[in-house]
There are 2 protein chains.
Amino acid sequence: MPGIREVKKRKTRNAIMEAAVRLFSEKGFEKTSIEQLARTAGIGKGTIYSYFQTKTEIFHAFCEDELDFIHSELLSKTDPEAALIEQLMVLYIGEFNLISKNKEFGRLLMQQMVFPVEKDHVKARAIDDRWLTLVFSICRRAQECDELRRDLDLLSIAGHFYGLYIMTISAWYSGRIQTEDVGPELRMLFQQALEGLAPFDSAKTLRAVEVNTLKKTGTRSIKI
Amino acid sequence: MPGIREVKKRKTRNAIMEAAVRLFSEKGFEKTSIEQLARTAGIGKGTIYSYFQTKTEIFHAFCEDELDFIHSELLSKTDPEAALIEQLMVLYIGEFNLISKNKEFGRLLMQQMVFPVEKDHVKARAIDDRWLTLVFSICRRAQECDELRRDLDLLSIAGHFYGLYIMTISAWYSGRIQTEDVGPELRMLFQQALEGLAPFDSAKTLRAVEVNTLKKTGTRSIKI
DNA sequence: GGATAAAATCGACCAAGGTCGGTTTTGTCC
DNA sequence: GGACAAAACCGACCTTGGTCGATTTTATCC
């Protein structure tokens, strides 16, 4: 059984996290000072630093909670029978919704996740890996259905989609594309990634037909 | 003709930038304090803030200089006769070399360029656009040589390559891939982006031949 | 229960980014 | 050249993230 020490420790950590969720959601990450956070949690400022090494680390814990929630929610939303691109869109647009809901929070999240500092990169990878697992399972299934080439490893494939996602989000943050265009834009890019950027001459007509079929019927695309 | 005021203003700004280049290169961005910067430039701390609004903004100006240099250097290095993928590699690996030379500096650069704060996003786009222009000219040429589909707009195409680049850099910062693997990895991803992620049945064998040809001869790939 | 070691907590303190009101320099008009 | 307005400049000051040694609380051993 846990001693008084353990219980208290758990309780204090929870208090910090609860304060963080409230204050970060209320006033954003940067506008929330450690002092406030400590006061809200009912502890001293220094104590926070025996639970988290940096303010950023608190943010990470906060993100982990948020992403846990969104991931489990998205998982239940995806239909494993749907076309690959549809499943990907559910995932990525789901995450984008989280980000666009609080732009500043999302920016911090992306900055830290995509380009983590040395100190945080293990943590960032852990979060990332859970996301990858999700994408992997979808892509593996798509490979089995012949929607994806089998000669590419899953990491590469996931990389392509992830790269397009990051790039699109980047374009959004740079003001290049509007919020309502993120979805369509991403879908188009995914489609192009599947088709390939190089021309393929005779195969072109064939593929064009397939793409049209996909668009009209909404069912799985390339099939023998 | 410029009055004393203008001249002095120019001189002061230059002094700041020179100090920034020296100190940032010497000890990195974060380890350089505004105070030091001011002292080195031979001015007061407050004065800096009448030239730049934030420390980050000084960093941006610094980046612009660095990127200007690297861009012009890269432009002279690319061979317009070489295969698309080779030209892209020169560009992206060139930029990666700049980044990997000072990892922390590069991280800041990427964070600010890819996910800029509202305040900076105009500046970030300006820098970005110059880069895009470079990629555009290469891709346009590739379209004319039938290395790239003509039915895709240049922005989309550049987006694909840029996304893969960001993603690879991200993987590097997360410790997923080593410095020496960045080049090969990126090349592979570019190749896959050209080929497409979806299987294409009969066309597959044809393309495989073309790819092999490319690898062996090193010349332009798909051609009628 | 008293002594002692270890863990947890605290807030004064430090460093650094950024602000602000006062001061100096420059340009202009008479 | 003197008076005055505007721009440029400065550094004391404020805020806040993070540190550190002192203090309190908890666990253990006799």
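By convention in this document, chain letters (A, B, ...) are assigned in the order of the sequence lines, proteins followed by strands, and residues within each chain are numbered from 1. Everything numeric in this text was worked out from a predicted model, so none of it was measured.
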Could you tell me how far apart [X] ([atom1]) and [N] ([atom2]) are, to the nearest whole angstrom?
X	N	atom1	atom2	answer
A:Phe59	D:dG18	CZ	P	14 Å
A:Gln36	D:dT16	CD	P	7 Å
B:Leu37	D:dC9	CG	P	15 Å
B:Glu35	D:dG11	CD	P	8 Å
A:Ile48	C:dA8	CD1	P	16 Å
A:Phe52	D:dT19	CZ	C1'	18 Å
A:Ile16	C:dA8	CD1	C1'	12 Å
B:Lys9	D:dA8	NZ	C1'	8 Å

Classify [X] by what it touches in the nucleic acid, base, sugar-phosphate, or nothing, heavy-atom distance under 4.0 Å.
X	answer
B:Thr32	sugar-phosphate
A:Thr47	base
B:Arg13	nothing
A:Tyr51	sugar-phosphate

Measuring only between side-chain heavy atoms, which start at C-beta, is A:Tyr165 closer than 4.5 Å to A:Ile169? yes
Would you check if B:Phe29 and B:Asn102 make a side-chain contact, meaning some heavy-atom pair closer than 4.5 Å? no
Is any side-chain N of the basic residue among [X] and [Y] closer than 4.0 Å to the acidic one's carboxylate O?
X	Y	answer
B:Arg107	B:Glu104	yes
A:Arg22	A:Glu18	no
A:Arg140	A:Glu144	no

Which nucleotide wins on minimum distance to the side chain of B:Lys45, given the candidates C:dG18, D:dC10, C:dC10? C:dG18
From C:dG18, D:dG18, C:dT9, nucleotide with atom closest to A:Tyr49 side chain: D:dG18
[N] phosphate, OP1 or OP2: any side-chain N/O from [X] under 4.0 angstrom?
X	N	result
B:Ser50	D:dA8	no
A:Arg39	C:dC10	no
A:Thr54	D:dG18	no
B:Ser33	C:dA15	no
B:Lys8	C:dT26	yes

Would the base of D:dG18 count as contacting A:Lys55 through its side chain, where contact means a donor and an acceptor less than 3.5 Å apart? no
